J.: 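Pasting a structure here, questions to come.
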There are 2 protein chains.
Amino acid sequence: MFSKACEYASKIMIYLASKRDEDKLAGLKDIAKAINSPEAYTAKILQQLVRRELLLSVRGPNGGFGIHKNKEVSLMEVVMAIDGEGIVKKCILGLEVCSENRPCPVHDKFVAVRDHLRGILSTTLITEVGDGIEESIFFLK
Amino acid sequence: MFSKACEYASKIMIYLASKRDEDKLAGLKDIAKAINSPEAYTAKILQQLVRRELLLSVRGPNGGFGIHKNKEVSLMEVVMAIDGEGIVKKCILGLEVCSENRPCPVHDKFVAVRDHLRGILSTTLITEVGDGIEESIFFLK
DNA sequence: ATAATTAAGGATAAATTTGTCCGGAATTAT
DNA sequence: ATAATTCCGGACAAATTTATCCTTAATTAT
C-alpha cells in the first residue's frame, strides 16, 4: 500500500506528535528506536520531512526534530510528501488514463475504495492519533 | 497499491475472460498488445497464473492461453496469486504485529478501508468485468 | 520425419527502493 | 577557541522489482 519510507515517515510524525508537549526535541537515535527503523535510512526520511516543512530540525547539542506547533498535519500530507499522489490518483490497473470517460473495467468500484481511503487520510491528524502512544494504548513498533 | 506484475496479471485475466466465448486461445503477443505490457515480462506472469491454475495454456501452433471455463475467478484470487495476502492483511504502518489487542494508532481506521477493499476484490469476478471490453465500454490500455 | 509455431524456464540485466557510510556544517557547552 | 554533539548531504551498496534474452520442450501442420 504505502512504501516502506512512507510507513517510517508516518510513524515518525505520529511519534513526534505524541511528544509535542515536551520542551526538548527528539534526536535521530531516539526516533529510530521508538519506531524500530534503520537509523541511517530514517535520517534520510527525516531530511525529506524537514525540507517539506512537515518537521523542524535543529543541529548541535540538544538538537533534534519536532513538529511545528500550531500547524495541523494530516496523514494525507505525510503520504503525499513521501509517496506522492499516486495512491489516491493512479488507476488500480495502472492505466495511464482512466476516467469516467475512458474507464478501466474496475474504475467505479475502486473509485469508491480510493475515496474511502482519501477521506480517512485527510481527516486523520497526526496529533489526534499521537495521543495514546505514551500511554501504550497504541504502538509504533 | 498493487505491484506492476499484479496490475498486468489482473488485466491478463480480464482480457482472457472477455474472450472466453472465442474458440481459440490467445497468444502471448496478442495478450501483451491488448494490455500494453512488455512481452517477455508478461510471459513470466502468464507462467505464474498457469502454475496457480488460474489459466490454462497449450504449446505449439494455435496454442496460447485461456481461462478455465466453468471456474469463477475473483480479482482477489488473482491478487493473492501474484502479490500475496499482504494488501488485505499487513498493517498499514508496517507493524509486525498489529491487532485489536496491540493496535497501531490508525488500526481501526484502516481495518475499515481494508474490509472495503477485501469486499470488492472478492466479489468482483473477472468474467463480470470482462464484459464491456470488446465493446470498448471499458479499456485495458 | 521435418519444419514451423508457441509456451516454459533459466540466466542475466536494468531500474527502483531500501539501507549504509562518512565527511562536513551548525550549534552548544566548556 | 575548542571540543562535543547532532543534523545535512553525497556517494555507495544491497535487495527487490521489473524487464530482456535465449535455449528447450511441446504441439501442429506439411
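A note on names: the letters A, B, ... follow the listed sequences, proteins ahead of strands, and every chain is numbered from 1. Computed from a predicted structure; not experimentally measured.
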J.: Could you state the atom-to-atom distance from CD1 of Ile45(B) to C1' of dG9(C) in whole Å?
T.: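 Answer to the nearest Å: 15 Å.
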
J.: I'd like to know if the side chain of Lys11(B) pairs up with that of Ser37(B) as donor and acceptor (distance under 3.5 Å, no hydrogens or angles considered).
T.: no

J.: Using a cut-off of 6.0 Å, state whether more than 12 heavy atoms not belonging to Arg20(B) lie near its atom CZ.
T.: yes

J.: Is there any ring-ring contact (aromatic ring centres under 6.0 Å, His included) pair reaching into residues 88-140 of chain B, and which pairs are they, with sequence neighbours excluded?
T.: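 Found His116(A)-His116(B).
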
J.: Under 4.0 Å, heavy atoms only, any strand: does Leu28(A) hit a base, just the sugar-phosphate, or nothing?
T.: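 Touches sugar-phosphate only.
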
J.: Mind calculating the distance between CG (Asp83(A)) and C1' (dT18(C)) to the nearest angstrom?
T.: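 Rounded to whole Å, this separation is 13 Å.
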
J.: Want to settle it: does Gly64(A) or Val58(B) sit nearer the 5' end of DNA chain D, counting the closest nucleotide to each?
T.: Gly64(A)

J.: Under 4.0 Å: is that the gap between some side-chain N or O of Gln47(A) and OP1 or OP2 of dC7(D)?
T.: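 Negative; the distance criterion is not met.
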
J.: dT18(D) P sits how many Å from Glu39(B) CD, rounded?
T.: 19 Å

J.: Can you tell me if the side-chain N/O atoms of Arg51(A) get under 4.0 Å from OP1 or OP2 in dC8(D)?
T.: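 Answer is no, no contact under 4.0 Å.
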
J.: Output the rounded distance in Å from NZ (Lys24(B)) to P (dT28(D)).
T.: 16 Å

J.: Does this structure show an ion pair linking Glu77(B) with Lys71(B), if we count only N-O contacts that are shorter than 4.0 Å?
T.: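 A salt bridge is absent here (no side-chain N lies under 4.0 Å from a carboxylate O).
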
J.: Any side-chain N or O of Ser57(B) less than 4.0 Å from the OP1 or OP2 oxygen of dA8(C)?
T.: yes

J.: Considering residues, nucleotides and ligands other than Glu53(B), do more than 12 of their heavy atoms fall under 6.0 Å from its CD?
T.: no

J.: Tell me, yes or no, whether the heavy-atom count around Lys4(A) atom NZ, taken from other residues, nucleotides or ligands under 6.0 Å, exceeds 12.
T.: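 Yes.
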
J.: Report the residue (Arg59(B) or Thr42(A)) whose heavy-atom-nearest nucleotide on DNA chain C is the more 5′ of the two.
T.: Arg59(B)

J.: Would you say NZ of Lys89(B) has more than 12 non-hydrogen atoms from neighbouring residues, nucleotides or ligands within 6.0 angstrom?
T.: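 For Lys89(B), atom NZ is not crowded (no more than 12 foreign heavy atoms under 6.0 Å).
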
J.: Which residues within residues 2-22 of chain A lie with some heavy atom under 4.0 Å of an atom in DNA chain C?
T.: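 Going residue by residue through residues 2-22 of chain A, the ones with a heavy atom under 4.0 Å of DNA chain C turn out to be Ser3(A), Lys4(A), Ala5(A), Tyr8(A).
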
J.: Could you tell me the separation between the CD1 atom of Ile82(B) and the P atom of dT17(D), rounded to a whole number of Å?
T.: 13 Å

J.: Whole Å only: how far is the NZ atom of Lys33(B) from the P atom of dT6(C)?
T.: 12 Å

J.: Picking from dA25(C), dG10(C), dT20(C), which would you name as closest to the side chain of Lys44(B)?
T.: dG10(C)

J.: Should Asn62(B) be listed as having a side-chain N or O under 4.0 Å from OP1 or OP2 of dT5(C)?
T.: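 So the side-chain polar atoms of Asn62(B) never come under 4.0 Å of the phosphate oxygens OP1 or OP2 of dT5(C).
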
J.: Consider the side chain of Phe65(B), meaning its heavy atoms from C-beta on, and name the nucleotide among dG9(C), dA7(C), dC7(D) that approaches it most closely.
T.: dA7(C)

J.: In whole angstrom, what separates Lys29(B)'s NZ from dA4(C)'s C1'?
T.: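 One finds 12 Å between C1' of dA4(C) and NZ of Lys29(B), rounded.
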
J.: In whole angstrom, give the distance that lies between atom CG of Leu46(A) and atom C1' of dG19(C).
T.: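 Taking atom C1' of dG19(C) as the reference, CG of Leu46(A) is at 14 Å.
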
